[in-house]
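All remarks here apply to the structure that follows.
Just so we're on the same page: letters track the sequence lines, and every chain starts at 1.
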2 protein chains.
Amino acid sequence: MTAPIAPLTQMMREYADPAACPVRNVLDHLGDKWSVLIITALAHRPYRFGELRREIADISQRMLTQTLRDLQSDGLIEREVFPTTPPSVEYRLSPMGKSFLVPLSAMVDWAFEHFPAIKEARAEFAKAA
Amino acid sequence: MTAPIAPLTQMMREYADPAACPVRNVLDHLGDKWSVLIITALAHRPYRFGELRREIADISQRMLTQTLRDLQSDGLIEREVFPTTPPSVEYRLSPMGKSFLVPLSAMVDWAFEHFPAIKEARAEFAKAA
DNA sequence: CTGTATCCTTTTCGATACTG
DNA sequence: CAGTATCGAAAAGGATACAG
């Protein structure tokens with residue numbers, strides 16, 4: 001169990017300058033409500049803007065636009081405009097975006113596996129308080 | 001690359017009820033600024049409250065207390081009070097907390113590996129705009 | 001259809017002061 | 001030492017209206 005934490009110590013050193021910390025840059029995106037959902041949707045196939053809007057349902061247009069721009073800026077997704085009338089824009093995972101599915105899936109697997117224990121821990125904690 | 005996304009589709013279905021979504025419950029903690037840093041510190045050894053405060057340096061007392069409570073509530077860390085004078089409180093990773101280091105390390109590894117590409121993508125994106 | 005711009009509410013979080 | 005309580009600034013995010 002010591003092997004996995006080696007990169008974590010590296011993160012701590014790196015954190016001396018928060019803006020330069022790779023981990024913070026990545027995790028900030030995981031934390032926001034929508035990035036993971038968008039990446040998840042695009043893991044299946046490319047989507048158009050309106051399709052994503054319907055797929056995710058309770059995302060606002062504002063946040064969808066903004067999150068797509070952020071993901072594009074980081075190079076995780078690619079944006080292709082089709083100059084039809086009306087215009088159509090397609091989003092897809094970039095190769096780097098696809099590679100991100102691996103650690104993301106590890107997190108998702110862990111979450112599913114331990115969620116019952118987490119719920120139980122919360123109930124216990126609430127009872128104790 | 002299709003194998004890793006299977007749990008992601010499960011997440012999408014689960015998201016129908018956001019409060020019941022295991023993934024959201026876990027990733028919400030990753031997103032906040034301090035959880036990962038605290039877990040990282042505790043990966044090395046147990047820490048007392050004041051030690052953590054110094055180790056993380058720019059965390060406020062308020063956020064340290066709050067984040068520790070959340071992690072404890074989720075069962076990721078354990079809290080032990082030593083009734084000395086002055087009192088001393090020690091925090092350590094629980095077994096579940098230690099198991100979390102595995103997917104966390106996967107994310108950290110990915111972040112370090114791709115951070116150069118991300119920075120490059122951002123520069124490119126900024127130039128294009 | 002695919003966005004942008006603005007307003008305004010909600011949430012987050014640091015600073016500060018105080019307690020056992 | 002290890003917190004708790006309160007306040008106010010700042011940021012995030014939804015709703016709405018409008019544009020190419």
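Counting heavy atoms from C-beta outward, B:N25 and A:I118 have side chains that stay 4.5 Å or more apart. Taking 4.5 Å as the limit, every side-chain heavy atom of A:E113 sits out of range of all side-chain heavy atoms of A:F115. For the pair A:R48 and A:Y91, the minimum side-chain heavy-atom distance is 4.5 Å or more.
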Give me the distances for all protein-to-nucleotides 13-19 of chain C N/O pairs that come in under 3.5 Å?
unit_1: C:dC13; atom_1: N4; unit_2: B:R62; atom_2: NH2; d: 3.4
unit_1: C:dG14; atom_1: OP2; unit_2: B:S60; atom_2: OG; d: 3.0
unit_1: C:dG14; atom_1: O6; unit_2: B:R62; atom_2: NE; d: 2.9

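Sorted by residue number, the members of residues 67-83 of chain B with any non-hydrogen atom under 4.0 Å from DNA chain D read B:R69, B:R79.
When heavy atoms are screened at a 4.0 angstrom cut-off, B:R53 is found touching no nucleic acid atom at all. Residue B:S88 is in sugar-phosphate contact alone, with no base atom involved, counting any heavy-atom pair closer than 4.0 Å across all strands shown.
Nucleotide C:dG3 holds its C1' atom 16 Å from the CD atom of A:E51, rounded to whole Å. The distance from atom CD of A:E55 to atom C1' of C:dC1 is 18 Å, rounded to the nearest whole Å. Protein atom OH of A:Y91 is 14 Å distant from nucleotide atom P of C:dC1, rounded to whole Å. Between A:F49 atom CZ and C:dG3 atom P the separation is 6 Å, expressed in whole Å.
Annotation for A:Q66: atom CD counts as buried by contact number, over 12 foreign heavy atoms lying within 6.0 Å. Around atom CD of B:E80, more than 12 heavy atoms belonging to other residues, nucleotides or ligands sit under 6.0 Å away. Heavy atoms of other residues, nucleotides or ligands lying less than 6.0 angstrom from CD of A:E124 number 12 at most.
Side-chain atoms of A:D70 and A:H29 form no donor-acceptor pair, as typed in the model, at a separation below 3.5 Å.
The main-chain N or O of A:F125 is never found under 3.5 Å from a side-chain atom of B:S73 such that the two would form a donor-acceptor pair.
Along DNA chain D, the stretch of nucleotides lying under 4.0 Å from any heavy atom of chain B spans, 5' to 3', D:dC1 to D:dT6.
Ionic pairing of B:R53 and B:E51 is not present here: no N-O contact between side-chain nitrogen and carboxylate oxygen is shorter than 4.0 angstrom.
Note that CE of A:M107 is 7.0 Å distant from CG of B:L104, once rounded to the nearest 0.5 Å.
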Start with the C-alpha gap between A:R79 and A:L68, add the side-chain angles, then the distance that decides, and say whether side chain to side chain contact (heavy atoms under 4.5 Å, CB included) holds. CA-CA 9 Å; A:R79 177 177 185 268; A:L68 285 170; over 6 Å; no
